[in-house]
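Remarks on the structure that follows.
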Protein chains: 2
Amino acid sequence: MAYRETEKMRKRKAEARQRIVSCAYQCVAENGFRSARVTTIAAMAGVATGTIYRHFESKEDLFAEIFRLATQREVDKVAEALASHGDATVRLEAALRQFAERALRGPVMAWSLIAEPVDPKVEEERLAYRQAYAELFEQAISEGMEEGCIPEQDARQSSTCLVGAIAESLVGPLSPAQINSRAEPRNDNYEPLVNSILRFCIQGLTGTRR
Amino acid sequence: MAYRETEKMRKRKAEARQRIVSCAYQCVAENGFRSARVTTIAAMAGVATGTIYRHFESKEDLFAEIFRLATQREVDKVAEALASHGDATVRLEAALRQFAERALRGPVMAWSLIAEPVDPKVEEERLAYRQAYAELFEQAISEGMEEGCIPEQDARQSSTCLVGAIAESLVGPLSPAQINSRAEPRNDNYEPLVNSILRFCIQGLTGTRR
DNA sequence: ACAAGAACTGAATAATGATTCACTTGTTTG
DNA sequence: CAAACAAGTGAATCATTATTCAGTTCTTGT
């Protein structure tokens with residue numbers, strides 16, 4: 001015998017894969033899924049087109065992974081905010097704010113995750129992504145009901161409404177038309193928009209105005 | 001001279017166009033935009049492929065028209081509900097209910113209008129569609145604030161949240177996976193789902209539980 | 001019936017990109 | 001070093017459909 005898989009090779013291969021993933025990520029973050037080309041990504045990563053297919057079944061699979069990755073970052077941040085101190089309402093508000101502000105600061109990727117038309121496999125990931133949020137919020141709402149700061153309700157349903165209300169409110173501001181037409185440097189003040197969204201969300205949850 | 005445009009021909013042409021439109025509509029209502037083929041539509045309408053292009057610049061244009069048409073029906077129904085009697089809150093609730101129930105009864109088309117990935121020109125129509133709803137609701141919310149049954153708030157922002165909360169709540173139940181797996185005959189009871197969505201929406205608007 | 005012009009036809013074309021694969025290069029071990 | 005095998009290469013291929021257009025058929029007014 002002669003060749004055997006070795007640690008060195010395993011590592012090199014993993015590095016190449018990693019390079020492909022980050023270049024693909026960058027492409028998507030800059031221009032969305034639609035305009036990301038396999039050949040471009042390969043060139044950026046310094047590999048041949050075919051090499052992409054040694055690491056991923058298909059473009060859709062690669063993109064699904066990118067989506068999952070980007071998603072995970074966002075969900076983690078929201079989970080983090082949700083784990084902070086305060087009663088459930090306060091924590092939920094912090095989490096929703098995190099969600100909205102991060103989206104507004106990284107609008108191209110946010111738009112890709114929330115609203116860009118994507119292929120079926122990626123769309124599946126999107127459903128999972130929305131569910132991940134819904135589950136996080138659901139958990140917090142349930143806690144709030146136990147704590148007594150949120151009245152009895154269908155926690156899952158309310159959490160879905162939260163995700164929808166925020167996502168819809170962001171679709172306009174995040175749409176490519178809006179993004180491309182805004183001046184550099186971007187120093188927008190998101191406060192009023194975010195506050196206004198949160199007012200509706202918190203009130204929908206608790207029935208109280210502040 | 002010989003040929004001149006005549007009433008008879010104008011009518012015949014309009015009929016052909018109409019036939020194309022309704023066949024395209026039917027295709028979309030049955031399987032969504034993605035799987036609707038120009039050649040299939042032509043065959044259904046009993047014309048040659050090329051004929052489609054005598055009536056529409058491109059497939060995207062045809063689809064944009066279909067989208068607009070389908071949209072108009074829905075928006076009209078909601079506007080109608082919004083024009084009924086009662087205070088603004090009652091009218092809004094009726095309108096939101098109309099929106100949700102109609103979607104659940106015609107799930108394939110509703111999914112296409114709300115969430116199916118579509119081409120850019122159609123996506124534009126979708127933005128317009130969502131705005132049409134947002135404007136209707138905004139108007140009603142403003143009236144409610146004048147009447148005093150809805151507290152002061154950014155009417156446009158709230159109306160956007162309404163659209164989002166409902167749309168998101170429907171995405172799950174309307175997704176092709178859900179739809180295809182449900183038994184025939186469909187005799188689902190939508191009441192609980194719809195009530196639960198409305199609870200959140202009305203409370204978000206008015207800050208009161210019922 | 002005929003000429004002039006519209007409208008219709010549908011097989012052929014075009015465009016877009018993802019994917020493949022025969023070949024080259026690199027790695028490992030005896 | 002050589003054999004054995006893996007990994008990498010990228011030009012060529014393939015697949016999918018929208019779109020075109022040269023030729024045909026239909027309408028109209030004389």
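A note on names: the letters A, B, ... follow the listed sequences, proteins ahead of strands, and every chain is numbered from 1.
For B/Lys11 and B/Glu7, the salt-bridge test fails: no basic side-chain N is under 4.0 Å from an acidic carboxylate O. Salt-bridge annotation for B/Arg17 and B/Glu65: present, with a side-chain N of the basic residue lying under 4.0 Å from a carboxylate O of the acidic one. Here B/Lys121 does not pair with B/Glu125 in a salt bridge; the nearest charged N to carboxylate O distance is not below 4.0 Å. The pair A/Arg34-A/Glu116 fails the salt-bridge criterion, with no side-chain N (NZ, NE, NH1 or NH2) lying under 4.0 Å from an Asp/Glu carboxylate O. A salt bridge does not link B/Glu15 with B/Arg12: none of the charged nitrogens is closer than 4.0 Å to a carboxylate oxygen.
Among all heavy-atom pairs drawn from A/Tyr133 and A/Val75, the shortest one is OH-N, 3.8 Å.
Near-neighbour residues of DNA chain C inside residues 62-70 of chain B, defined by a heavy atom below 4.0 Å, are absent. Taking every heavy atom of residues 10-31 of chain B and every atom of DNA chain C, pairs under 4.0 Å involve B/Lys13, by number.
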Begin with the C-alpha distance, continue with both residues' side-chain angles, and end with the deciding distance and a verdict on side-chain contact (heavy atoms from CB on, under 4.5 Å) for B/Ile197 and A/Thr160. CA-CA 9 Å; B/Ile197 301 172; A/Thr160 303; over 6 Å; no
side-chain contact (heavy atoms from CB on, under 4.5 Å) evaluation trace for B/Gln139 with B/Ser159: CA-CA 9 Å; B/Gln139 173 67 27; B/Ser159 94; over 6 Å; no
Pair A/Phe200-B/Gln157, side-chain contact (heavy atoms from CB on, under 4.5 Å): steps then yes or no: CA-CA 9 Å; A/Phe200 184 95; B/Gln157 180 56 51; over 6 Å; no
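Regarding A/Ile41, its CD1 atom lies at a distance of 11 Å from the P atom of C/dT19, rounded to whole Å. As rounded to whole Å, 9 Å separates atom C1' of D/dG8 from atom NE2 of A/His55. Remark: P of C/dT27 and CD of A/Glu7 are 15 Å apart, rounded to the nearest angstrom. A/Lys8 has its NZ atom 12 Å from the P atom of C/dG26, to the nearest Å.
Bending across the helix from C/dA1-D/dT30 to C/dG30-D/dC1, expressed as the angle between its end axes from five pairs apiece, amounts to 0° (10° rounding).
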Annotated protein contacts, base or backbone, on nucleotides 17-24 of chain D with a non-hydrogen cut-off under 4.0 Å, one of B, S, - each: SSBB----
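Taking the side chain as every heavy atom from C-beta outward, B/Glu168 and A/Cys161 never approach each other to under 4.5 Å.
Pairs of residues two or more places apart, or lying in two chains, never qualify as salt bridge (Lys or Arg N to Asp or Glu O under 4.0 Å) while including a residue from residues 38-55 of chain A.
For A/Phe56 and A/Phe63, the distance between ring centers is not under 6.0 angstrom.
Under the rule for a side chain to side chain contact (heavy atoms under 4.5 Å, CB included), the partners of B/Gln98 that lie at least two apart in sequence or sit in another chain are B/Lys77, B/Ala81, B/Arg102.
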